[in-house]
Amino acid sequence: MNASGDELAPDVRAILEAARERPGGETRVSVDARSFPEAVAETEAAGRVPVIAEVKPTSPTTEGVREDDPVELAREMVAGGATALSVLTEPEHFGGSAESLRRTREAVDVPVLRKDFIMHEAQLDVVESDLVLLIARFVGDDLPDLVEAARDRGFQPLVEVHTREELTAALAAGADIVGINNRDLGQLEVDLGTFEGLAPEAPEDVLLVAESGVKTVEDARRMREAGADALLVGTAIMDGDVRQNTETLTQ
Ligand SMILES: O=C(O)c1ccccc1NCC(=O)[C@H](O)[C@H](O)COP(=O)(O)O
């Protein structure tokens with residue numbers, strides 16, 4: 001696997017370089033995590049679509065910055081029916097912070113994903129969350145150790161993949177929550193066909209999250225029909241009334 005940064009979009013190379021330099025926490029965290037699989041099952045039982053709504057103030061592919069208090073946005077997303085939240089903690093390219101995550105998790109009772117570009121173990125110790133994102137392409141051969149290190153701290157690791165090779169690596173590392181990212185980190189292009197192509201390769205007992213590019217109810221339906229247990233949605237929820245947008249996608 002390629003963790004070197006070759007063939008990545010310039011924005012992604014910059015994200016990766018900054019991530020490598022970012023310090024970790026000084027004290028090992030220990031999390032009493034809210035169960036994401038249980039939250040998904042409860043949403044399904046209620047006949048709604050499990051959505052992880054993302055508090056994403058900005059990104060390399062978004063115009064402008066949303067300056068609202070992340071806690072207020074998060075509350076609106078939960079009121080709109082979000083099963084879980086994703087909070088960006090990457091500061092330089094996504095406008096996130098560990099403090100936003102800490103405050104948000106305190107204010108809601110749904111599971112919260114820490115959305116960042118974690119490169120080494122000490123970076124797991126920056127802030128508590130229920131789920132933590134590990135990107136297979138970025139961490140390369142360190143993936144099994146990072147999955148174990150995350151679980152040792154009580155986190156539920158969400159391992160992100162984009163290719164068959166990365167999916168194989170995620171499963172070999174013991175991942176049981178896998179995000180298939182429709183956004184290609186090489187060109188930053190989004191293709192919902194990525195999820196459709198890879199989802200059948202995952203075992204039944206793996207919880208599958210369709211990440212990126214879900215904009216409409218039709219997109220959501222398409223991902224669910226392809227086997228998505230949950231959807232991770234940022235831009236389409238952040239653009240306008242976040243409560244209304246979440247309600248529309250979770251119905
Ligand atoms: O969203 C970006 O512009 C981006 C650019 C470079 C690397 C990663 C990026 N996004 C990370 C994500 O995984 C998305 O925030 C997440 O899947 C939600 O996607 P979307 O609903 O399309 O905003």
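Both ligands and their constituent atoms are indexed starting at 1 by order of listing. A quick note: this is a predicted structure, and the numbers were derived from the prediction, not measured.
Within the 4.0 Å heavy-atom shell around ligand 1 one finds G213. In this structure, L232 is part of the shell of residues with a heavy atom less than 4.0 angstrom from ligand 1.
In this structure, CZ on R102 lies 13.5 Å from OG1 on T89, to the nearest 0.5 angstrom.
Not a single donor-acceptor pair under 3.5 Å links the side chain of R34 to the backbone N or O of L131. Side-chain atoms of Q156 come within 3.5 Å of backbone N or O of F36 as a donor-acceptor pair. At least one donor-acceptor pair under 3.5 Å links the side chain of N182 to the backbone N or O of F195. At least one donor-acceptor pair under 3.5 Å links the side chain of D229 to the backbone N or O of L208. Side chain of E90 to main chain of E92: a donor-acceptor pair is present (N/O by atom type, distance under 3.5 Å, no hydrogens or angles). Between the side chain of N181 and the main chain of V161, no donor-acceptor pair closer than 3.5 Å is present.
Close approach of ligand 1 to N181 (heavy-atom distance below 4.0 Å) involves ligand atoms 13 (O). Atoms of ligand 1 lying under 4.0 Å from any heavy atom of K115, numbered from 1 in the order shown and given with element: 11 (C), 12 (C), 13 (O), 14 (C), 15 (O), 16 (C), 17 (O). Every atom of ligand 1 with a heavy atom of V233 under 4.0 Å away is listed here by number and element: 21 (O). Within ligand 1, the atoms closer than 4.0 Å to a non-hydrogen atom of S59 are 1 (O), 2 (C), 3 (O), numbered from 1 in the order shown. Near P60, meaning under 4.0 Å from one of its heavy atoms, ligand 1 places the atoms 3 (O), 5 (C). Using a 4.0 Å cut-off to heavy atoms of T235, the atoms of ligand 1 that qualify are 20 (P), 21 (O), 22 (O), 23 (O). Applying the 4.0 Å criterion to heavy atoms of R183 picks out, from ligand 1, the atoms 1 (O), 2 (C), 4 (C), 10 (N), 12 (C), 14 (C), 19 (O), 20 (P), 22 (O).
When heavy-atom distances to ligand 1 are checked against a 4.0 Å cut-off, E54 comes that close only through its side chain, counted from C-beta outward. Residue-level proximity to ligand 1 for V214 is absent, since no heavy atom of it falls below 4.0 angstrom. Neither the backbone nor the side chain of H93 has any atom closer than 4.0 Å to an atom of ligand 1 (non-hydrogen atoms only). Residue-level proximity to ligand 1 for L188 is carried by the side chain, the only part with a heavy atom below 4.0 angstrom. At a heavy-atom cutoff of 4.0 Å, ligand 1 is contacted by no atom of D11, backbone or side chain.
In terms of protein heavy-atom proximity, atom 17 (O) of ligand 1 is closest to S212 OG, 2.7 Å. Closest protein heavy atom to atom 7 (C) of ligand 1: L185 CD2, 3.6 Å. In terms of protein heavy-atom proximity, atom 1 (O) of ligand 1 is closest to K56 NZ, 2.8 Å. The shortest contact between atom 9 (C) of ligand 1 and any protein heavy atom is with F94 CZ, 3.7 Å.
Considering only non-hydrogen atoms, atom 2 (C) of ligand 1 lies nearest to T61 out of V209, L16, T61, I135.
Here the options are I135, V178, V209, L134, the test is side chain to side chain contact (heavy atoms under 4.5 Å, CB included), and the partner is E160; only I135 passes. When each of V233, L101, L232 is checked for a side chain to side chain contact (heavy atoms under 4.5 Å, CB included) with S86, only L232 meets the rule.
Here K215 does not pair with D239 in a salt bridge; the nearest charged N to carboxylate O distance is not below 4.0 Å. A salt bridge does not link R222 to E218: none of the charged nitrogens lies less than 4.0 Å from a carboxylate oxygen.
Using modelled atom types and a 3.5 Å distance limit, the side chains of S129 and R114 yield no donor-acceptor pair.
Of the polar atoms of G234, at least one N or O is found under 3.5 Å from an N or O of ligand 1, judged by distance alone.
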